[in-house]
Amino acid sequence: MPGVSVKATYAETIRLVSLRPELSAFGPFDCNASAAAVGVRHVPAVSLLKEFDAPSHPDTAPLVAAVIAMATDACWRRTYSESEVGRDFLDRYGYFELVGPRGHFHSVSTRAYIGFWDAGLHYPWHVHEAEELYFVLAGEAKFQAKGQETAVLGPGDSRFHVANQPHAMTTGQGPVLTLVLWRGVGADCLPRMGHR
Ligand code: ZN
């Protein structure tokens, strides 16, 4: 059975999706996914997230608190290799699948991830076929996407990426914590670096 913090993170994500039209409009969010035994996997960034205190938004604050509480119970992943992003990036970033085929809550219709990047990191240009919605829970980052204005997004801001739209992200003075939703063709595939 999932711990209290894991269940709270799912419950607060459902609450946030119901609060924010840009999230609910992305597609039906699976509110009845069953808890899965995905295990616990740590990355170095967990210790950074435990000290996370970047500003949030009234809508996102409960989820931010739940994610921080869940950090030591999550199955963290890092998609990239050291040759692609460098050791410092790998040591200060991480994400986990909250809802999805390999998520803490199993669903085939919804893919929801929590992603963390510490201050001063550049997430290089990359691409994937799945459509994507970034929603900033706390902190801020500069979002770049081909064909779109570059924007610094803060708590409660979102950014949609169409299929195969190259994009990049850079954090500034502080870290950023995001909720990321995927949908459509290619949702089972990992992002690929490059394609600027
Ligand atoms: Zn992406």
Side-chain angles (χ1 to χ4, degrees), residues 9 13 16-17 20 22-30 43 45 49 54 60 63-64 67 74-86 88-104 107-172 175-196:
T9 299
T13 302
L16 180 63
V17 170
R20 301 298 294 242
E22 62 272 51
L23 291 172
S24 44
F26 189 75
F29 191 87
D30 189 348
V43 294
L49 185 54
T60 66
L63 177 54
V64 172
V67 169
C75 184
W76 289 91
R77 303 174 192 281
R78 291 174 295 181
T79 302
Y80 303 109
S81 66
E82 187 170 345
S83 64
E84 289 173 316
V85 295
D88 182 47
F89 188 98
L90 291 180
D91 283 345
R92 297 194 294 127
Y93 117 100
Y95 74 95
F96 64 84
E97 184 171 322
L98 180 64
V99 187
R102 299 193 301 159
H104 286 270
S107 176
V108 292
S109 62
T110 292
R111 283 172 174 79
Y113 306 87
I114 299 291
F116 169 81
W117 287 264
D118 199 21
L121 291 180
H122 176 60
Y123 185 5
W125 289 87
H126 58 283
V127 70
H128 44 77
E129 190 174 10
E131 295 180 316
E132 173 179 68
L133 186 71
Y134 263 90
F135 188 93
V136 177
L137 299 175
E140 63 177 33
K142 182 177 76 175
F143 285 76
Q144 294 170 280
K146 195 171 183 181
Q148 259 177 306
E149 294 259 312
T150 296
V152 175
L153 303 186
D157 293 337
S158 61
R159 166 80 72 132
F160 177 70
H161 297 134
V162 300
N164 297 311
Q165 181 180 16
H167 50 281
M169 189 182 75
T170 308
T171 50
V176 69
L177 185 66
T178 64
L179 170 65
V180 184
L181 303 180
W182 272 30
R183 73 179 182 196
V185 176
D188 290 327
C189 304
L190 292 171
R192 304 185 305 279
M193 280 295 166
H195 296 262
R196 183 168 186 171

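If you're wondering where the values come from, they're calculated on a predicted model, not measured in any experiment. Atoms within a ligand are numbered from 1 in the order they appear, just like the ligands themselves.
- For the pair F29 and L181, the minimum side-chain heavy-atom distance is below 4.5 Å.
- Side-chain contact check for I114 versus L179: some heavy-atom pair is nearer than 4.5 Å.
- Checking V99, L63, T110 one by one against T13, the side chain to side chain contact (heavy atoms under 4.5 Å, CB included) holds for a single residue, L63.
- Annotation: ring pair (Phe, Tyr, Trp, His ring centres under 6.0 Å) contacts of Y80 (sequence neighbours excluded): Y123.
- Within the sub-2.8 Å shell of the Zn ion (ligand 1), the protein contributes these N/O/S atoms: H128 NE2, E132 OE1, E132 OE2, H167 NE2.
- At a threshold of 4.5 Å between non-hydrogen side-chain atoms, the residues L133 and R183 do not count as touching.
- The distance from atom CD of E22 to atom CZ of F160, rounded to the nearest 0.5 Å, is 13.0 Å.
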